[in-house]
Amino acid sequence: MSHELKTGGERGYLRIATEEAFATREQIDCYLRMVKDGTADKGLVSLWGFYARSPSARAREIMERLLDLGEQRIRHMDETGIDRAILALTSPGAQALPDVAEARGLAQRANDYLAGQVASHRDRYIGMTTVVPQDPEWSAREILRGARELGFKGVQINSHTRGQYLDHPRCAPIFRALAETGQPLYIHPATPPDSMIGPMLEAGLDGAIFGFGVETGLHLLRLITSGIFDRYPQLQIVVGHMGEALPFWVYRLDYMHQVSVRSQRYACLKPLKKTILDYLRSNVLITTSGMAWAPAILFTQQVVGEDRVMYAMDYPYQFVPDEVRTHDNLDIPLATKRKLMQTNAERWFGL
Ligand code: 1DF
Ligand code: MN
C-alpha cells in the first residue's frame, strides 16, 4: 500500500475524521494533581499517570500532539490526506473531577479554547462540546451555548462519570438539550470505573486495548435497554471502534433481552418498542476509529447500513497513514466510500 495521501478530494471524496482528540494544559495538570493527591480513580492513574509522566517516545509524542491545534496538527492532516477533523477534548475530559465547580471551569475554558481554534481553521476543524454530567443542568446550558454561540456540531461524553451512566434519570436535561439542538451525542470510551476495572488492570487490559470497549459498549447497551430511544426517538448516538463490538453481539443481545423481558427476570428490563438491532439501524452511528480492518468495516456496514458508518482516525492515539490507505482501498463502490469518508459525517453532524 503506497498511494499518495492528498487532501482536496482527488479520489472522489473528502476525508472527514470524526474522533480526533485534543487536550488543554489545565486538564493535564489537573489529572497529574489528582494522581498525586489520591483523588483520581484507578483508571485515571493508569491512563494519565502513564501519558503525562512516562518518558517513553509514545507518551511524549502523544502529549505534544494532543496539546497542539496549530501548525503540527494541520501538517499531519495534510500529510495523511485528512480534509477535516471533528475535535473533542480527550477522555475523560472534565468527567473525572470530583470538584464539580472545577469541572465546569475546566470544561468551559476547553470549549472556549476549541471555539477559538475552530474559528482560525474554519475549513479544517469542527468542534464538539464537552460537558460535565456531574451537573446535568449546567451541561444542558453548555450544549445550547456550544451549538448556538460556539458553532459546535455535536457533544462528546466520555462514557461513565465516576461510575454513573447516562441512563440515570438525573441526566434527562442533557438529552433534552440534545433534542433541542438536534445534535448527535458521541459516547467516547473511558477507562472502566473502579467497580469494574480490577481484573482488567491486573492484566494490563484496562485501556484502549480492551477496557475502553467493554465499558463503552456496556454504556450504549444500558442506554438502549433503558429505553432511551423510545423516550428520544430522534436521538443519534455515535460510538467509535466499530460500535464497541455491539454489532457483533447483537443477535445474542436481542435473543437474550427478549427472553429476559418475557420471563420478567429483572424489574429494570422492560419491553422496548423495537429490537436492539432496529435501534442500531435507526439511532446509532458508528465510526471506524482504531479499527482500520476491512472485515470489521464491511460487516458493520452490512449490520447497521452503509449510511451509518463513518471514518475516524483517532489522532493522535492511532496516527497510522497506512490506515487511511486501508479505507481508500476498501473493495466497495465509490458511492459507498464517499458516504464512509465524507457525506455521512456531513449529514449526521449537519456540516
Ligand atoms: C487511547 C485510545 C487514549 C483512544 C484515548 O484517549 C483514546 C490510548 C485518552 O491508546 O490510550 O481516545 N481511543 O479512542 O482509541
Ligand atoms: Mn478516541
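Note that the structure is a prediction, hence the values are computed from the model and not measured. Both ligands and their constituent atoms are indexed starting at 1 by order of listing.
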- Message: For atom 13 (N) of ligand 1, which of the options T216, I209, D314 provides the nearest non-hydrogen atom?
- Response: D314

- Starting from atom 7 (C) of ligand 1, find the nearest protein heavy-atom neighbour and note its residue, name and distance. Y317 CD1, 3.5 Å

- Looking at ligand 1, does any of its N/O atoms fall within less than 3.5 Å of an N/O of H188? yes

- Message: Looking at D135 and R104, is there a salt bridge between them, counting it only when a charged N and a carboxylate O are closer than 4.0 Å?
- Response: yes

- Are the aromatic rings of Y317 and Y51 close, with centres under 6.0 Å apart? yes

- Message: If we only look closer than 2.8 Å, how many protein N, O or S atoms does the Mn ion (ligand 2) have near it?
- Response: 3

- Query: Measuring from the heavy atoms of F212, does anything fall under 4.0 Å of ligand 1?
  - Reply: yes

- Check: Y186/E19 side-chain N/O donor and acceptor closer than 3.5 Å: yes

- Task: Say whether P189 and ligand 1 are in contact under the criterion: heavy-atom distance to a ligand atom below 4.0 Å.
- Result: no

- Query: Considering only heavy atoms from C-beta outward, does the side chain of F349 approach that of M128 to under 4.5 Å?
  - Reply: yes

- Message: Tell me the nearest of E19, R58, E20 to atom 10 (O) of ligand 1, using heavy-atom distances.
- Response: R58

- Query: Is a salt bridge present between R33 and D29, judged by a nitrogen-to-oxygen distance below 4.0 Å?
  - Reply: no

- Note on the structure: Judged by heavy atoms only, the candidate from G93, A208, G213 nearest atom 2 (C) of ligand 1 is A208

- Looking at D68 and R73, does any basic side-chain N land under 4.0 Å from a carboxylate oxygen? no

- Using salt bridge (charged side-chain N to carboxylate O under 4.0 Å, His left out) as the criterion, point out the one residue from K337, R338, R15 that pairs with D328. R15

- Query: Looking only at protein heavy atoms, which one is nearest to atom 11 (O) of ligand 1, and how far off is it?
  - Reply: Y51 OH, 2.6 Å

- Centroid-centroid distance, F319 to H76, less than 6.0 Å: yes

- With a 4.0 Å cut-off, would you call R145 and D112 a salt bridge? yes

